[in-house]
Amino acid sequence: MANVDLQRPRGTQDILPAVTPIWHRVEAAAHRVAQSYGYREIRTPVFEHVEVFRRGVGDATDIVEKEMYEFEDRGGRRLVLRPESTAAVARALQQTSLLSEPPVRLYYIQSHFRYERPQSGRLRQHTQFGVEAWGVPGPLADAEVIALAESLLTDLGLKGLVVRLNSIGCSDCRPRYREALVTYLAGRRDELCGDCQRRLDQNPLRVLDCKVPTCQAVVADSPKPLDYLCETCQTHLAGVEGALSALGITYVRDGSLVRGLDYYTRTVFEIGYDKLGAQSTVCGGGRYDGLMEALGGKAQPAVGFGLGLERLILTLGAEGLVPPEGAAVDAYIAYLGPQLGPEAMRVAQMLRAAGQRVEMEALGRSLKAQLRRAQKLMAPYVVIIGPQELERGVAMVRNMETSAQAEVPIERLAATFAR
RNA sequence: GUGAAUGUAGCUCAGUUGGUUAGAGCACCAGGCUGUGGCCCUGGGGGUCGGGGGUUCGAGUCCCCUCAUUCACCCCA
């Protein structure tokens, strides 16, 4: 503890054996649900050239401006630990022929790195399950990814999460709206909070979801993004909503929903769980038809989302959906006296080969201590290798629940357990 | 990046206006039961009181700095 350099870096966590099971469960569900929608897994490098995110995510975003872990490698390349995966996936697609046969449906489970001020649900290294549908311009694709996220949450037993939906327009109508909003807000600049006065210059759409009451009062009379949507965008939004309704997915229209990454166009959505406090957004996504071009490639429409696994697991905990720890092993091998260690080991191997999870006494402790250990592991059976039994080629098998014991010939142990 | 709270054994926490060797419960180990878990009894190992500096005869207690966690903001998953 004394040496700061030997501590876990700020905003990171060690995921210990007691919690890896819920991670496995969540990851398994993510793989299963994504594949059930025909999505295939992609894995991209942990680090990329800085330009991928500067151009993909946007130079003016917080993520790129002040949260990237940038470094120069020994060859003088400017690299960065990926702060998100969508731009990285787009980059990967440019370098393959996958997109020559759209649609391309992909998913990933990857770590992301951002220099954030840590809080519960906000880490410097966090994991996202993400999904991307490339080469699909129509609104059904937007609805599909939202449905996919919803399926995962339902699969894990979650209820009561709220889907919020909005459209922020396209390259045609967004500038018109932005201009109208800036004109309006500039006229009432002195009524806005300090943050919003800054936002007005940098990212005026963000003023819409400011929580300061005076700002909300100003926003209440402001031009609404939906009023400025061009016909194409309106039709698209209506298409998404129609599909969601057909699927029976409940959502709320939230005209103030804005996302912080520049690449979004038209559809944006979030799925949140309000009991998580300030970090309540579990899933965020939308459409990013302009991303591929921003990265210098041929234009390709796409929709997707990122879903934070740490936050998802916090939510499962808050909802009491983390199952209690089960037995770590099927059998515990106890033995008496150091000379029987090798024989105990041979028995353990036999059972493992037969598909059993087996832990063997490692410290040569008293039988009492070995049984205590077995109990702790919730091992249903203990196989006791002792000199008395070994002479006759048998082992004592103890049922830990009933305390019943029976001698079983060693060569038949595997068959006994396999039933 | 802004504002605030917290930091004592592996865990949850006591620790009176600064005053002798820093405690409890749980956990762990051993013995009681010389080869049998859970209950009980007895004993034991464990702490640079987050770290550094200062005030003082004396600091877990007071002051400063620092690190970490948490909460709100900001942002986002």
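Residue numbers start from 1 in every chain, and the chains themselves are labelled A, B, ... in the order their sequence lines are given, proteins ahead of strands. All values reported here derive from a predicted model rather than from experimental measurement.
You'll find that the side chain of A:Arg365 is closest to B:A30, out of B:A30, B:A77, B:U69. Of all nucleotides listed (B:A72, B:C76, B:A27), B:A72 comes nearest to the side chain of A:Gln119. Closest to the side chain of A:Arg206, from the set B:C76, B:A27, B:U36, is B:C76. For A:Leu123, taking side-chain heavy atoms from C-beta onward, the closest of the listed nucleotides B:A77, B:C71, B:C75 is B:A77. Candidate nucleotides B:C71, B:C29, B:G35 were compared by shortest atom distance to the side chain of A:Arg372, and B:C29 ranks first.
Across the C1' atoms, B:G45 and B:A9 are found 11 Å apart, a figure rounded to whole Å. Taking the C1' atom of each, B:G7 and B:U61 are spaced 14 Å apart, rounded to whole Å. For the C1' atoms, the distance from B:C13 to B:U6 is 14 Å, rounded to whole Å. Distance check on atom P: B:U21 versus B:G60 gives 10 Å, rounded to whole Å. Atom C1' of B:A27 sits at a distance of 16 Å from the matching atom of B:G47, rounded to the whole Å. On the C1' atoms, B:G51 is 7 Å away from B:C67, given to the nearest whole Å. Separating the C1' atom of B:G50 from that of B:U70 is a span of 15 Å, rounded to the nearest Å. B:U17 and B:A59 have their C1' atoms separated by 14 Å, given to the nearest Å.
What separates OH of A:Tyr332 from P of B:U36 is a distance of 16 Å, to the nearest Å. In this structure, A:Arg10 places its CZ atom 8 Å from P of B:G1, rounding to the nearest Å. Between A:Gln375 atom CD and B:A27 atom P the separation is 11 Å, expressed in whole Å. Between A:Glu361 atom CD and B:G35 atom C1' the separation is 14 Å, expressed in whole Å. Taking atom CD of A:Gln7 as the reference point, atom P of B:G52 lies 12 Å away to the nearest angstrom. Look at CD on A:Glu116: it is 9 Å from C1' on B:A77, rounded to the nearest Å. Residue A:Glu389 contributes atom CD, which lies 12 Å from atom P of B:G35 at whole-angstrom precision. Summarising the geometry, the separation between CZ on A:Arg124 and C1' on B:U70 is reported as 15 Å, rounded to the nearest angstrom.
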Given the rule in the salt bridge (Lys or Arg N to Asp or Glu O under 4.0 Å) test, do A:Arg91 and A:Glu51 qualify, once you have shown the distances and angles that lead to the verdict?
CA-CA 10 Å; A:Arg91 190 233 82 225; A:Glu51 280 310 301; over 6 Å; no
Could you give me the CA-CA distance, side-chain angles and deciding distance for A:Tyr107 and A:His31, then say whether ring pair (Phe, Tyr, Trp, His ring centres under 6.0 Å) is met?
CA-CA 8 Å; A:Tyr107 76 93; A:His31 284 288; 5.5 Å; yes
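Note on A:Glu84 versus A:Arg114: no salt bridge recorded, every NZ/NE/NH1/NH2 to OD/OE distance being 4.0 Å or above. By the 4.0 Å N-to-carboxylate-O rule, A:Glu179 lies too far from A:Arg176 to be salt-bridged with it. Between A:Glu48 and A:Arg82 there is no salt bridge, since no side-chain N of the basic residue sits under 4.0 Å from a carboxylate O of the acidic one. Contact check on A:Lys376 versus A:Glu325 returns no salt bridge, with no Lys/Arg side-chain nitrogen under 4.0 Å from an Asp/Glu carboxylate oxygen. The pair A:Arg188-A:Asp221 meets the salt-bridge criterion, since a charged nitrogen lies less than 4.0 angstrom from a carboxylate oxygen.
Scanning atom types as modelled, no donor and acceptor separated by under 3.5 angstrom connect the side chain of A:Gln405 and the base of B:G35. With hydrogens and angles ignored, a donor-acceptor pair closer than 3.5 Å exists between the side chain of A:Gln388 and the base of B:G35. No hydrogens or angles were tested; on distance alone, a donor-acceptor pair under 3.5 Å links the side chain of A:Arg311 to the base of B:C76. Judged by distance alone with a 3.5 Å cut-off, a donor-acceptor contact links the side chain of A:Arg122 to the base of B:C74.
Nucleic acid contact class of A:Ile384 (heavy atoms, under 4.0 Å, all strands): base. Contact annotation for A:Leu336: base contact, defined as any heavy-atom pair under 4.0 Å involving a base atom. At the heavy-atom level, A:Ala334 lies nowhere under 4.0 Å from the strands shown. Heavy atoms of A:Gly11 sit under 4.0 angstrom from primed sugar atoms or phosphate atoms, though from no base atom. In this structure, A:Gly121 reaches the bases: a heavy-atom distance under 4.0 Å links it to at least one base atom across the strands shown. Within the 4.0 angstrom heavy-atom criterion, only backbone atoms of the sugar-phosphate kind lie near A:Arg259; the bases stay farther away.
Contact of the A:Val145 side chain with the A:Phe269 side chain is registered, since non-hydrogen atoms from C-beta on lie closer than 4.5 Å.
Toward the 5′ end of RNA chain B lies the nearest nucleotide of A:Arg117, the other residue of the pair A:Arg117 and A:Leu309 mapping further downstream. Annotation: of the two residues near RNA chain B, A:Met396 and A:Cys210, the 5′-most nearest-nucleotide partner is A:Met396.
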Secondary structure string for RNA chain B (Watson-Crick or G-U under 3.5 angstrom, | for other-strand pairs):
(((((((..((((.....[...)))).(((((.......))))).....(((((..]....))))))))))))....
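Remark: ring of A:His126 overlaps the six-membered base ring of B:A77 in a stacked fashion, centroids less than 5.5 Å apart, planes less than 30° apart.
Judged by a 6.0 Å distance limit and a 45° cone about the ring axis, A:Arg43 is not positioned over the six-membered ring of A:Tyr108.
Among A:Val218, A:Val219, A:Val258, the one residue that satisfies the side chain to side chain contact (heavy atoms under 4.5 Å, CB included) test with A:Val207 is A:Val219.
Between A:Thr127 and the phosphate of B:A77, there is no side-chain N or O to OP1/OP2 separation shorter than 4.0 Å. Contact between the side-chain N/O atoms of A:Lys66 and the OP1/OP2 oxygens of B:C74 is not found at any separation under 4.0 Å.
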